[in-house]
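Here's the structure, in structure tokens; my notes come after.
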Amino acid sequence: AKQASEQAATKADEAAAQQQLNVDLEEFDAHRNSRENVMNTGENSIPASESAQNEEGDALDVQDQGKTLEDVDDMAKNFPAPNAEAAEHFDKAVMYMGATASTASGAEDEMQYCKHIKIAAKHGHPAALVSYAMVQILGNVSCIPRDIPSAAVTITALSKKGYPPAQMLHSFMYSMGIGTNSSQARAVVYMTFAALGGDTFAQMNLGYRYNTGLNVEKSCETALSYYRAVADRVHLEALDGGGEMVERVRLADEKKRKRIKSQAHILQYYQLNARQGSVDSQVVMGQLHYQGAHGYAQDFAAAARYFEQAANAGDAQAMQALGEMYANGRGVKQDNDTARSYYERAVDKKNPAAIAGLGLMYKLGQGVPKNEKKAFELFKQAADMEDVDGHLHLANQYFDGLGTKRDYRMAIRFYSLAAKQGHVLAMYQLGVMHATGVGTSRNCELAVGLFKNVAERGSWSKLFSTAYDAYDEDGDVASAALIYMFLGELGYEMAQNNAAFLLDEMVDADDDDTIHALLFGRNGSLARALTNWQRSAGQGSAGQGYTTARLKIGDYYYYGHAVERDYAAAAHEYKLAADASNAQAMFNLGWMHEYGVGLPVDLFLAKRFYDSAAEASADAKLPSTIALAILQAKMWFEAQFGPLESFGEALIGQAGAAEEIARLQQMSFEEILDAYENVALVVLLVALGVLLLARQLQHHLAVVNAAAPAPAPAHRAPANNADNADNADRPDNGP
């Protein structure tokens, strides 16, 4: 009866959602003859980019300029069964798109992608149409110009036909206000239909929304079902060998960005040394090509060449890598005997990864007689040497009771050790155990966290590299911001943080090439930045992303960016950031307490926050010292003459002082500096002068004390009473 009731409720929800979808589509169809009506008006409008002619596939570009919903309906008439020619071109486009990361032939592969995706889209292949429209939105392929209005027409038509990937993109556009007015309600409706149709991105989005309660009622169980579906797919990818390693960069972390820039010279150093026969450099270059890391495309054949050179020189790590490659046929012809030979040579050199690899061959009976007990012994030996694969395989043995007695407690222990080192398969297995209550008490929240972590390691995470390269190498802020916004829609906290950072940093730019000129305008950018800062902060982490987001949200309330100015709300956000040890937030709270902006005037609390800011960060020491000097002067003045407000009233009259104070409280800090620039400079100069004099006096006293003769030690009475007992262990420094 309960199941029947739930099914009836689900059908009712789907019917209501379908009715809302029909209303949305009717509203859209009323404007379909005009491309301009797809866009917003005012500062949220999104002008179409200039159309550029390409050497290949120009015909589709020309037709796109006047495309209507009927045109796309005709192009997609074969949906969902495209013809063979369109399918062939789409498969080729996918192949070339995956190869564009190659530093040698990336541009050529990109042109081939454009050629084939346009032909497939022209023949009505639905996946090609969505892929082409997505590139038109993100602008991450140079041979396809950004054209958001045309993309909106394509996506709307396919979404109306019920194509899940198009519904997912339609939801993204509504959520971020791209090509249309923002509507979170419609975004949820379209995303729900896409998820019910099996779209992975839609399932990730709804998992994130239900996990955080973003525009839906928070539900751990619903989030679990969506994240589990995505994690199952990533689990299969990992079993198949996984993909390239993706380094995610938080743009607000300038030190990390500078460190990445310096890596190019280091990589050139390794490459040169590898050519000159350095074994360590050969291993490093082999790993870079094997994992596809730090700008190198994944190239198993190149990795095998480097590993063979190092292995011939006797390197155990290279031997282990070759054993794994021959066992799985990556970059070389699959050969069990050769794999076992390399593993055994590395095992003789006590390489733990090779021990685990050899154990896996015995477990699978790959080139050796199948022997679960021997496999267990080898896995245990590797795990004792802290090898991550050893931990994983040993946990599997305990979980399945192979080669040893089944022990869920030991399985969880070793899965946890592997998961802490970032092993996707271990995180997935732990998620399954906590989701089903196998071997442990059921824990929905923990299972969701694990499955979310697994889901965010899918092959689509390569878009992080695409976005960073667009920003750092090509200077294409618009494409970088849009890609980060898309990833943020999937629930990646770092992507939300980066999207907000780009939108926020470019607010005051006047260059026509900035994201504001291309996309949203100043107010639109601020509104979308605030949305992403809030989503980033709402992920609940106390790390750098959380504190930066809270600080920024406080700034938005303080200055009235995209929201009404609210000093109390700003102080609340600053307190949350200060609780996470953010020095800037502490300084801001000190200033607000000092001047009574959004908080009660409390000079002692202001001093405490200034002191805390100076202790929390070296960068905050100078401004905090200046602020403390001014504060000390103010406290001395009030101690001598009474409150500053009373002093002002005595000088200019009670009514005039009240008006002046009220006017200052409505002004931002920058506005006050502009209005009283000379006064501010004089105050700062006096504060610096006081600081320098204090430093000189401190140095003079130190010199005098150092030159003075040491006093004779004083005779002390025996510790025979309570007072002396308290001081018995203190050094005798004289009088």
Side-chain angles (χ1 to χ4, degrees), residues 21 24-25 27-40 46-49 51-52 54 57-83 86-87 89-90 93-94 97 113-141 143-180 186-187 190-191 193-194 197 199 201-202 479 482 486 489 519:
L21 180 60
D24 294 345
L25 293 171
E27 292 177 358
F28 191 92
D29 286 343
H31 305 287
R32 64 183 181 179
N33 292 324
S34 172
R35 281 177 50 183
E36 287 74 14
N37 286 327
V38 178
M39 300 178 288
N40 295 344
I46 304 177
S49 60
S51 175
N54 300 297
D58 286 347
L60 184 60
D61 285 342
V62 174
Q63 292 175 4
D64 282 347
Q65 303 309 309
K67 186 166 57 179
T68 64
L69 287 176
E70 288 87 347
D71 296 330
V72 180
D73 285 343
D74 292 338
M75 294 171 72
K77 62 182 178 296
N78 293 321
F79 170 74
N83 58 48
H89 283 288
F90 178 72
V94 172
M97 189 61 175
Y113 164 78
C114 292
K115 172 184 175 181
H116 291 288
I117 200 67
K118 289 176 181 179
I119 295 174
K122 186 177 179 181
H123 284 79
H125 192 292
L129 285 166
V130 170
S131 178
Y132 188 81
M134 188 171 183
V135 171
Q136 284 182 311
I137 294 173
L138 302 182
N140 59 321
V141 177
C143 50
I144 298 178
R146 180 178 292 110
D147 191 346
I148 292 175
S150 287
V153 172
T154 301
I155 291 167
T156 302
L158 291 174
S159 179
K160 180 180 178 181
K161 282 179 166 289
Y163 189 51
Q167 292 172 327
M168 178 275 301
L169 278 180
H170 208 175
S171 171
F172 168 59
M173 297 177 75
Y174 269 123
S175 179
M176 286 289 105
I178 299 174
T180 184
R186 294 182 180 183
Y190 281 101
M191 199 65 81
F193 277 109
D199 185 83
F201 292 156
S479 293
L482 285 165
F486 177 76
E489 197 70 13
L519 298 178

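Because the structure is a prediction, the values reported are computed rather than measured.
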Which pair of heavy atoms, one from [X] and one from [Y], lies closest together, and at what distance?
{"X": "Ala151", "Y": "Ala133", "value": "CB-O, 3.4 Å"}
{"X": "Ala86", "Y": "Ala120", "value": "O-CB, 3.5 Å"}
{"X": "Ile155", "Y": "His170", "value": "CG2-N, 3.6 Å"}
{"X": "Tyr174", "Y": "Arg186", "value": "OH-NH1, 3.4 Å"}
{"X": "Ala166", "Y": "Ser159", "value": "CB-N, 3.6 Å"}

Distance check, rounded to the nearest 0.5 Å: [X] atom [atom1] versus [Y] atom [atom2]?
{"X": "Glu489", "Y": "Met168", "atom1": "CD", "atom2": "CE", "answer": "10.0 Å"}
{"X": "Leu482", "Y": "Ile148", "atom1": "CG", "atom2": "CD1", "answer": "6.0 Å"}
{"X": "Tyr163", "Y": "Thr154", "atom1": "OH", "atom2": "OG1", "answer": "13.0 Å"}
{"X": "Phe193", "Y": "Ser171", "atom1": "CZ", "atom2": "OG", "answer": "12.0 Å"}
{"X": "Lys115", "Y": "Cys143", "atom1": "NZ", "atom2": "SG", "answer": "12.5 Å"}
{"X": "Leu138", "Y": "Ile178", "atom1": "CG", "atom2": "CD1", "answer": "8.0 Å"}

task = Report yes or no: does Thr156 contribute a side-chain atom to a donor-acceptor pair with the main-chain N or O of Ala152 at less than 3.5 Å?
result =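 A pair under 3.5 Å: yes.
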
query = Pick from Ile117, Val94, Ile119: which one makes a side chain to side chain contact (heavy atoms under 4.5 Å, CB included) with His89?
reply =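 With His89 as partner, side chain to side chain contact (heavy atoms under 4.5 Å, CB included) holds for just one option, Ile119.
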
Can you check whether [X] reaches [Y] side chain to side chain, under 4.5 Å on heavy atoms?
{"X": "Leu169", "Y": "Phe201", "value": "no"}
{"X": "Asn140", "Y": "Val135", "value": "yes"}
{"X": "Ile137", "Y": "Met173", "value": "yes"}
{"X": "Gln167", "Y": "Asp199", "value": "no"}

message = One pair to check against side chain to side chain donor-acceptor pair (under 3.5 Å): Ser175 and Tyr190. What are the steps and the verdict?
response = CA-CA 10 Å; Ser175 179; Tyr190 281 101; over 6 Å; no

